[in-house]
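Not measured: the values here are computed from a predicted model. In what follows, every heavy atom counts, from backbone to side chain, and hydrogens, waters and symmetry copies are set aside.
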Amino acid sequence: MHAKELLELERREIRALHYTWIAFFLTFYVWFNMAPLATSMLATEDYLTPDHIKLFLIANVALTIPGRVVVGMALDRFGPRRVFSILMVVMAIPTWFFAFGTSAMQLFVARLFMSIVGAGFVVGIHMTALWFKPKDIGFAEGFYAGWGNFGSAAAAITIPTVALQFFGGDDGWRWAIALSGLLMALYGVAYWFLITDGPTAGTHKKSRKAGALEVSSWRDLWLYGLFIIPLYGVLGVLVYRTQDMGFLSDTGAWVLYIIIAAVVVYQIYKAISVNVPMLKAGIPEDDKYPFKSVAALNVSYFANFGAELAVVSMLPMFFATTWKLDPTAAGLVASTFAFVNLWARPLGGYISDKVGNRRLVMLIYMFGIGIGFGLMGLLNAQWPLFIAVVFTILCSVFVQGAEGATFGIIPSIKRRLTGQISGMAGAYGNVGAVFYLFIYTFVEPNQFFLIIAVGAFIAWLVCYFWLEEPEDAFGDEYKMSSVDRQIAAEEAR
């Protein structure tokens, strides 16, 4: 697949790709609509402090983690058209609550629930996999993710103008946020009617069990259980920060810690209850897949997308304090990291399609991330700003490319489980963001970049030993097992 084909709108799959990246773009536009308005909020709302804003930023990525896992399960059961449409409409509600909240607690709770909108990413990944063949999926997924992910940069550019110039006044920020939620809800309704789950009614393959990811061996079940723990356990970081800032009592914190632990235990129980009967009955050889590949992609997305979310959050301040730039100039320079999304992520998927070895492409990109952040860790005021920008862009190219390569592999691992695998890997990206942002509170920026570099090299090692090249990763059709055919026959009946 080539870039010029994106203009062939008479093709159904091309229209589906455009409909879907726009949906993703709007969810990210809403997800990141607060950061550009933080100063306006502080200036107009006397009850808010900078500490409140920091808390809201952490809350903004918290429930995305379980949200992506739950949405991934819903995808394999109900299909991406329904899930994406409902997600966009329902998530407009907490957006409006945030827009018109009148206390710090109301804003915090609304922002916490708004973070679920970040799960929209994995929905479009699944939808794109239904419309494109394995040989083209890398570029299609990369284009979808790169242009949709640009919604965060678009929010930073346009939201302040809408708030200050279009609406104006003390409540301008409120109406700008409310408008973003309205646009998303309207498109959610339109998306329901614009698209189908693939070119034919039988394209979408349902999983046998929706409560947990199916695995192929007892060893994989143990590994799956281990990887469940960080997905929900990392929410303890949010609880700790909330308590540390004085917004949560010791008793309340312990209650939440117990709830998080209970959720972890329950999810492990669900994984066991879903998989043990199938493992005892025996998994057909042609239906098996290596969960260690899923684990490797979880770790890689932790290290690339997690790093992106964390770095985007601190990069403007890094440039402002290191080179003594004003906020506008610092924001413009820092935005180079996000602008690379438009072409670097599709490029990563395209290279993954053309090289003929998706595993090799992933290894090269992850190693490049380690080198890139290692170079950024050397930056200080003695370096010319131009060199700092070059390092930033170079690093971003590898980060975005690795993200594109990750989701170029996922659809070929196990077709009917694409939603759940995408949800788990996507959630690990947010786990990485929460982890890195937590670490950032204790270290200097240069140390922070070096820590991210170490994380990338660790992910490279995990991918080297665990990631396997998927079967038929460059074929005209996805691999269909005997179980897939059985499920399809049952659905037809």
Side-chain angles (χ1 to χ4, degrees), residues 62-80 82-83 86 116 119 122-123 126 204-236 255-299 301-302 410 413-428 430-431 466 480-491 493:
L63 293 188
T64 312
I65 299 168
R68 286 187 169 184
V69 176
V70 173
V71 164
M73 294 178 183
L75 283 175
D76 291 332
R77 185 66 179 169
F78 302 109
R82 295 174 180 174
V83 174
I86 293 172
I116 299 174
V122 300
V123 187
H126 191 90
H204 175 244
K205 311 298 182 186
K206 290 186 178 181
S207 60
R208 287 186 291 180
K209 300 287 185 179
L213 184 66
E214 300 172 32
V215 296
S216 302
S217 69
W218 295 103
R219 179 182 177 278
D220 285 353
L221 181 57
W222 280 104
L223 190 59
Y224 178 32
L226 288 176
F227 271 81
I228 286 174
I229 296 173
L231 281 177
Y232 302 93
V234 76
L235 295 177
V255 169
L256 291 176
Y257 286 136
I258 293 171
I259 291 174
I260 292 170
V263 170
V264 170
V265 171
Y266 175 74
Q267 291 300 321
I268 293 175
Y269 162 75
K270 287 293 293 182
I272 294 172
S273 63
V274 165
N275 283 285
V276 166
M278 291 188 292
L279 291 173
K280 286 183 176 179
I283 307 294
E285 284 299 319
D286 69 342
D287 195 50
K288 292 182 177 180
Y289 75 96
F291 180 80
K292 64 181 182 180
S293 288
V294 178
L297 294 174
N298 291 344
V299 174
Y301 213 61
F302 176 106
I410 283 177
I413 293 179
K414 192 66 181 170
R415 176 56 179 263
R416 72 171 185 271
L417 302 178
T418 297
Q420 294 183 67
I421 296 173
S422 298
M424 192 174 195
Y428 259 91
N430 279 80
V431 172
W466 281 2
M480 286 281 286
S481 71
S482 57
V483 175
D484 291 324
R485 289 189 288 271
Q486 178 187 344
I487 294 173
E490 292 173 355
E491 285 295 314
R493 287 196 297 269

Hey, does [Y] have a side-chain heavy atom less than 4.5 Å from the side chain of [X]?
{"X": "Tyr224", "Y": "Gln267", "result": "no"}
{"X": "Asp220", "Y": "Ser217", "result": "yes"}
{"X": "Ile259", "Y": "Leu256", "result": "yes"}
{"X": "Trp466", "Y": "Ser293", "result": "no"}
{"X": "Ser422", "Y": "His126", "result": "no"}

Problem set entry | Residue Trp222 excluded, over 12 heavy atoms near CH2 under 6.0 Å | no
For this session: Look only at the side chain of Tyr428 and the backbone of Phe227, and say whether a donor-acceptor pair between them is shorter than 3.5 Å.
Result: yes
Exercise. Within the distance-only criterion (no hydrogens, no angle test), does the side chain of Ser216 pair as donor or acceptor with the backbone N or O of Tyr289 below 3.5 angstrom?
Worked result: yes
Gap separating the [atom1] atom of [X] from the [atom2] atom of [Y], nearest 0.5 angstrom:
{"X": "Leu297", "Y": "Lys292", "atom1": "CG", "atom2": "NZ", "answer": "12.5 Å"}
{"X": "Leu231", "Y": "Asn298", "atom1": "CG", "atom2": "CG", "answer": "7.0 Å"}
{"X": "Ile410", "Y": "Ile421", "atom1": "CD1", "atom2": "CD1", "answer": "7.0 Å"}
{"X": "Gln420", "Y": "Arg77", "atom1": "CD", "atom2": "CZ", "answer": "11.0 Å"}
{"X": "Lys414", "Y": "Phe291", "atom1": "NZ", "atom2": "CZ", "answer": "14.5 Å"}

Name the atoms and distances for all side-chain donor-acceptor pairs under 3.5 Å in residues 272-279, with sequence neighbours left out.
{"unit_1": "Ser273", "atom_1": "OG", "unit_2": "Tyr269", "atom_2": "O", "d": "3.2"}
{"unit_1": "Ser273", "atom_1": "OG", "unit_2": "Lys270", "atom_2": "O", "d": "3.0"}
{"unit_1": "Asn275", "atom_1": "OD1", "unit_2": "Val215", "atom_2": "N", "d": "2.8"}
{"unit_1": "Asn275", "atom_1": "ND2", "unit_2": "Leu213", "atom_2": "O", "d": "3.0"}
{"unit_1": "Asn275", "atom_1": "ND2", "unit_2": "Ala271", "atom_2": "O", "d": "2.9"}

